[in-house]
Amino acid sequence: MTLLAVESLRVAYGDLTAVHDISFSVEPGEIFVLLGANGAGKTSVLRAISGLLKPTRGTLNSEGVSLLGLRPDQVAHLGIAHVPEGRRIFPNLTAEENLDVSFIRQRSKETLAQLRDRVYGIFPRLASRRRQTANTMSGGEQQMLAIGRALMNTPKLLMLDEPSLGLSPLMTELMFEQLARIRDQGASILLVEQNASCIDMATRGLLLANGHTMLSGDHAKLRDSDFVRRAYLGV
Amino acid sequence: MLQALLSGILVGGVYGLFSMGFSIAFGVMRIVNFAHGELVMIGMFAAFFAYSAAGVDPLVAIPLAFVVVAALSAVLYLLVYRRFVGRATLQQLLAAIAVALILQTSATLIFGPSAHAVRSNWGSQYLLIGPIFLSYAQLAAFAISVACVLTVEAVLRKTSWGKAIRAVADDPEAAQLVGLNSQVINITAFACSGALAGIAGAVLVSYYPVSPHVGFLLMPIALIATVLGGLGSIGGAFVGGIICGVIQQMTSVLWTSALQDVPLYGVLLLLLAFRPYGLFGRVSAH
Ligand SMILES: Nc1ncnc2c1ncn2[C@@H]1O[C@H](COP(=O)(O)OP(=O)(O)O)[C@@H](O)[C@H]1O
Ligand SMILES: [Mg+2]
């Protein structure tokens, strides 16, 4: 069943329409990328899905359940986790406390400690930082923590808003590899990026410009499109 | 001097206790609750009522004050403060002042405008250590305050509810995204904020007379203690309260008790000018 179906989604801030009637869907096992330059409307799409803002029109469904009108915590309880732009970890909590508060018992077959250990398995750096206050961690570690925190929701769909922002190319590559591993463990991924190197691991995707869909299709179509090549890959 | 320092610390413990409640409402919900002093006043009256109606010692009536003020706070949250979460606006301040006046007036209607004091046998006795004398009531008040503060700190550090509260205080939006129901957390946090005021009231009334207007004397202390301790730092507010107590006692010994609050306000102004994030300031999410 379709994990996420977005139909004719429109988001407006007052007079400014930031997202113009876009549609896409994410199927189980996918890594779907939402590409676009700054101000294209990517964050607005994610915020609408997770209930942080109310779309002007359109529908949002997850496995046949409408997300419209749900609070963000209710969307999280349905298994849609959102790693927001700029990480937004809890700065005065330790790394481990950041994970603990994000544990949704009803969604997990594992105990808190088991799930935590699984996250530490994916991000060993976090295990060595567990007692450290989150704001003293490096940018890369904070990004791992933000993703680890979302995994504590036991999500079926993991949405990430520009996780590569502020990371070195090497760190970015490492993080993308970890996302592929997370997908292999059963979660689907909706990845928002400006960084086109993520196309390599995408199954499908959509290119957004000024709130409009410029292009949408599978991995090959994104990779071979002149538009993406010119705008992002500099070829 | 030493006398003033010690009694300042003792009195300051109770200040710290209700300041911690004030600081929770601010830290978690960004609500500046100008009616917090009135919540202490209600706690004082609840304990006084138990004493005058049934002869119960105020310290034994702590659970009563706790429940009454926590419940009242939850109701006030749902009726009024819920609308202002995250926004310490002028409207919010006015609404809180309106709540304060309503509570004052209600207390006046029920108990009359005059001050009432509890006269217990042990409460008016003093412990003499050389030249220093300390009132048993204040010693007990301090011990109870410290116990409460340590309990609250432990709950905030160790329990999942406490961690959730701290997460909301750090970043309410991110807290919702990870699945925390902010309404549930806010209402319980506000009730907790009131409960601390209630306990402080019951403790305070064992040595300090209660009148409907006592809240307006206490409120500035909570504000100053919170700024001293660092806005949003819940443990810092307790230390801030103790500092307030010491400054007050020192002033009344070295100068005059009529003006014991003047240096306190001076400290507030200096702080706002030079250390707006307090002595124990901490990072915010943005
Ligand atoms: N809270 C807001 N109020 C008004 N305009 C906004 C707000 N958030 C975003 N916008 C505008 O909406 C457009 C899309 O923004 P956004 O969704 O953040 O894009 P992206 O994430 O792709 O950079 C931009 O023009 C931005 O200025
Ligand atoms: Mg964005």
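Lettering follows sequence order; numbering is per chain, from 1.
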What is the minimum heavy-atom distance between B:A191 and B:S73, and which atoms define it?
CA-CB, 4.1 Å
With B:R82 as the cation and B:F84 as the aromatic partner, state whether NZ or CZ is under 6.0 Å from the six-membered ring centre and within 45° of the axis.
no
Any residue of residues 107-131 of chain A which, by heavy atoms, sits under 4.5 Å from chain B:
none
What residue, out of A:D100, A:L52, A:V83, has the most heavy-atom pairs lying under 4.5 Å from chain B?
A:L52
Examine whether an atom of A:R47 lies under 4.5 Å from a heavy atom of chain B, and if so say whether it belongs to the side chain, the backbone or both; otherwise answer neither.
side chain
Strictly distance-based, threshold 3.5 Å: is any side-chain N or O of A:S188 a donor or acceptor partner for the main-chain N or O of A:L157?
no
Under 4.5 Å, heavy atom to heavy atom: which of residues 175-182 of chain B reach chain A? Give them by number, or say none.
B:A175, B:Q176, B:L177, B:V178, B:G179, B:L180, B:N181
Identify the heavy atoms of B:S145 and B:L17 that sit nearest to each other, and give their distance.
OG-CD2, 3.8 Å
Which heavy atom of A:I189 sits nearest a heavy atom of A:V26, and at what distance?
O-CG1, 4.4 Å
Looking at side-chain heavy atoms only, is the closest gap between B:V28 and B:F190 below 4.5 Å?
no
Nearest non-hydrogen partners of B:A189 and B:I165, listed with the distance
CB-CD1, 3.5 Å
Would you say A:K42 and A:E85 make side-chain contact, with heavy atoms under 4.5 Å?
no
Using a 3.5 Å distance criterion without hydrogens, assess whether the side chain of A:N153 forms a donor-acceptor pair with backbone atoms of A:A76.
no
Part of A:I104 within contact of chain B (heavy atom distance under 4.5 Å)
side chain
Donor-acceptor contact below 3.5 Å, side chain A:S66 vs main chain A:N61
no
Is the side chain of A:R10 donor-acceptor paired with the backbone N or O of A:T17 at a distance under 3.5 Å, no angle test?
no
If you tally heavy-atom pairs under 4.5 Å between each of B:A164, B:S160, B:A167 and chain A, the highest tally belongs to B:A167
Is the A:F24 ring parallel, tilted or perpendicular to the A:F32 ring (thresholds 30°, 60°)?
parallel
Between A:H77 and chain B, which part of the residue has a heavy atom less than 4.5 Å away: side chain, backbone, both or neither?
side chain
